[in-house]
Amino acid sequence: MLAPGATIGILGGGQLGRMTALAAARLGYSVHVFATEHDSPAAQVSAGVTVAAYDDSAALARFAEAVDVATFEFENIPAEAVRKVAALKPVMPRPEILEISQDRLREKDFLSRIGVATAAYQEIGDATALAKALAGLKGRAVLKSARLGYDGKGQVAVDGSTPPDEAWRQMGGARGILEEFVDFRCEVSVIVARAADGAMATYPPVENRHVNHILDTTIAPATLPPETAREAEMIARDIAARLDLVGVLAVEMFVTKDGKLLVNELAPRPHNSGHWTIDACATSQFEQLVRAICGLPLGSPERHADAVMKNLIGDEVETWREAIADPSARVHLYGKRKVLPGRKMGHITRLVPRRP
Ligand SMILES: Nc1ncnc2c1ncn2[C@@H]1O[C@H](COP(=O)(O)OP(=O)(O)O)[C@@H](O)[C@H]1O
Ligand SMILES: [Mg+2]
């Protein structure tokens with residue numbers, strides 16, 4: 001066990017790192033951030049920071065030297081960087097899990113192998129292969145870059161009449177995955193924390209509504225038939241166990257019109273759809289991550305209120321002015337100096353009395 005007083009390293013300087021650092025500080029840990037930019041949201045609230053590129057081996061070694069355990073807050077950190085740190089200090093979740101979640105094909109292959117349902121998919125290696133696949137396509141599909149996509153970037157909606165060369169170019173990746181288009185009823189996610197001894201704490205499924213492919217609102221909990229909610233939690237726990245995860249995992253799923261669950265994406269880190277747990281639960285997703293990687297017992301995920309979390313994207317950040325005077329609203333701002341369209345600037349969680 002790493003007792004409070006130890007130093008937690010976080011690779012990545014974004015808001016997920018910031019909120020993890022705040023949770024760590026509350027438990028008496030000190031945090032050292034590795035970020036590629038000065039004045040990052042995570043570094044603003046941490047005791048130490050290394051500012052360097054992810055391919056700077058000396059800086060990665062200095063970072064590892066400064067910490068007792070390390071984690072990551074961002075999927076697209078080059079695997080090589082994480083491995084260099086892992087050679088010197090424990091990294092949790094283990095780097096192999098990050099590598100699965102960095103590649104949509106590896107991720108879906110892993111899910112298929114362990115028997116978890118996903119949308120039908122196939123690997124697409126180039127524009128010629130895409131042309132062939134589109135010719136045989138029945139309905140609509142989504143072409144996604146296998147690597148480095150987020151917030152809908154690197155994705156193109158296609159059907160049998162789509163010009164393949166153009167879609168391939170728009171997708172912009174070196175390898176693609178073509179997924180059947182799921183005409184879902186809603187999108188949900190489940191967050192599960194898992195300790196080294198296999199103990200798990202699960203939050204209920206929440207509903208996620210996207211605008212322009214960016215998460216806009218999370219409704220916690222999702223309104224689902226109880227057996228669907230239970231099944232969603234079981235799927236997330238099963239995946240965490242099969243990954244031998246130590247840390248926090250978010251599992252994004254589609255609920256189809258006939259009530260089936262299809263897993264869309266995995267994120268082995270705290271997730272935007274879990275921000276509500278800071279204000280509405282006994283233990284937040286961020287504190288669970290700190291507890292899991294430090295070998296403390298997981299906290300209770302019990303929720304004392306239901307919640308609606310609204311992301312503040314770009315200019316929406318200005319609504320903090322009204323929200324700050326609203327007693328039902330909890331305002332979180334990430335300290336980002338520059339407002340850009342599509343940039344996550346903060347979020348507001350509104351608490352509502354808990355339904356049974
Ligand atoms: N196969 C699909 N069918 C229908 N909608 C999809 C499909 N894949 C993705 N989407 C939509 O696009 C959003 C973003 O896709 P996702 O695979 O989660 O990538 P990312 O979140 O990394 O950008 C999803 O939340 C969903 O709304
Ligand atoms: Mg997603």
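All ligand and atom numbering here is 1-based and tracks the order in the structure.
Closest protein heavy atom to atom 9 (C) of ligand 1: Lys144 NZ, 3.3 Å. Given atom 27 (O) of ligand 1, the protein heavy atom at minimum distance is Glu187 OE2, 2.6 Å. Of all protein heavy atoms, the one lying nearest to atom 20 (P) of ligand 1 is Glu265 OE1, 3.6 Å. Protein heavy atom nearest atom 15 (O) of ligand 1, with residue, atom name and distance: Gln155 NE2, 3.0 Å. The closest protein non-hydrogen atom to atom 23 (O) of ligand 1 is Gly152 N, 2.5 Å. The protein heavy-atom contact nearest to atom 5 (N) of ligand 1 is Phe184 CE2, 3.6 Å. For atom 13 (C) of ligand 1, the nearest non-hydrogen atom of the protein is His213 ND1, 4.3 Å. Counting protein heavy atoms only, atom 7 (C) of ligand 1 is closest to Phe254 CZ, 3.5 Å.
In this structure, the separation between CG on Leu27 and SG on Cys294 is 8.5 Å, given to the nearest 0.5 Å.
When all heavy atoms of Glu316 and Asn311 are compared, the closest pair comes out as OE1-O, 3.1 Å. Across all non-hydrogen atoms, the minimal contact from Pro204 to Arg303 is CG-NH1, 4.0 Å. In this structure, Val317 and Trp320 approach most closely via the heavy-atom pair O-CD1, 2.9 Å.
Under a 3.5 Å cut-off, the side chain of Glu252 and the backbone N or O of Glu265 do not form any donor-acceptor pair.
In Glu37, the CD atom is not crowded: 12 or fewer heavy atoms of neighbouring residues, nucleotides or ligands sit closer than 6.0 Å. Atom NZ of Lys153 has more than 12 heavy atoms from other residues, nucleotides or ligands within 6.0 Å.
If you look at Glu180 next to ligand 1, the close heavy atoms, those under 4.0 Å, all belong to the backbone. When heavy-atom distances to ligand 1 are checked against a 4.0 Å cut-off, Asn208 has no atom that comes that close, whether in backbone or side chain.
Aromatic ring pairs are classed by plane angle as parallel below 30°, tilted from 30° to 60° and perpendicular above 60°; the pair His347 and His332 is parallel.
The atom name of the N/O/S atom in Glu265 closest to the Mg ion (ligand 2) is OE1. When you scan the N, O or S atoms of Glu252 for the one nearest the Mg ion (ligand 2), you land on OE1.
Applying the 4.0 Å criterion to heavy atoms of Phe181 picks out, from ligand 1, the atoms 3 (N), 4 (C). The distance from ligand 1 to the heavy atoms of Glu252 drops below 4.0 Å at these ligand atoms: 18 (O).
In this comparison of Ile214, Asn264, Val182, the heavy atom closest to atom 4 (C) of ligand 1 sits on Val182.
Considering backbone and side-chain N/O of Arg104, one or more are found under 3.5 Å from N/O of ligand 1.
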Run Lys108 and Glu123 through salt bridge (Lys or Arg N to Asp or Glu O under 4.0 Å) and show every step you take.
CA-CA 10 Å; Lys108 291 242 156 55; Glu123 177 170 359; over 6 Å; no
Salt bridge (Lys or Arg N to Asp or Glu O under 4.0 Å) assessment of Arg106 paired with Glu96:
CA-CA 11 Å; Arg106 287 182 71 173; Glu96 293 76 14; over 6 Å; no
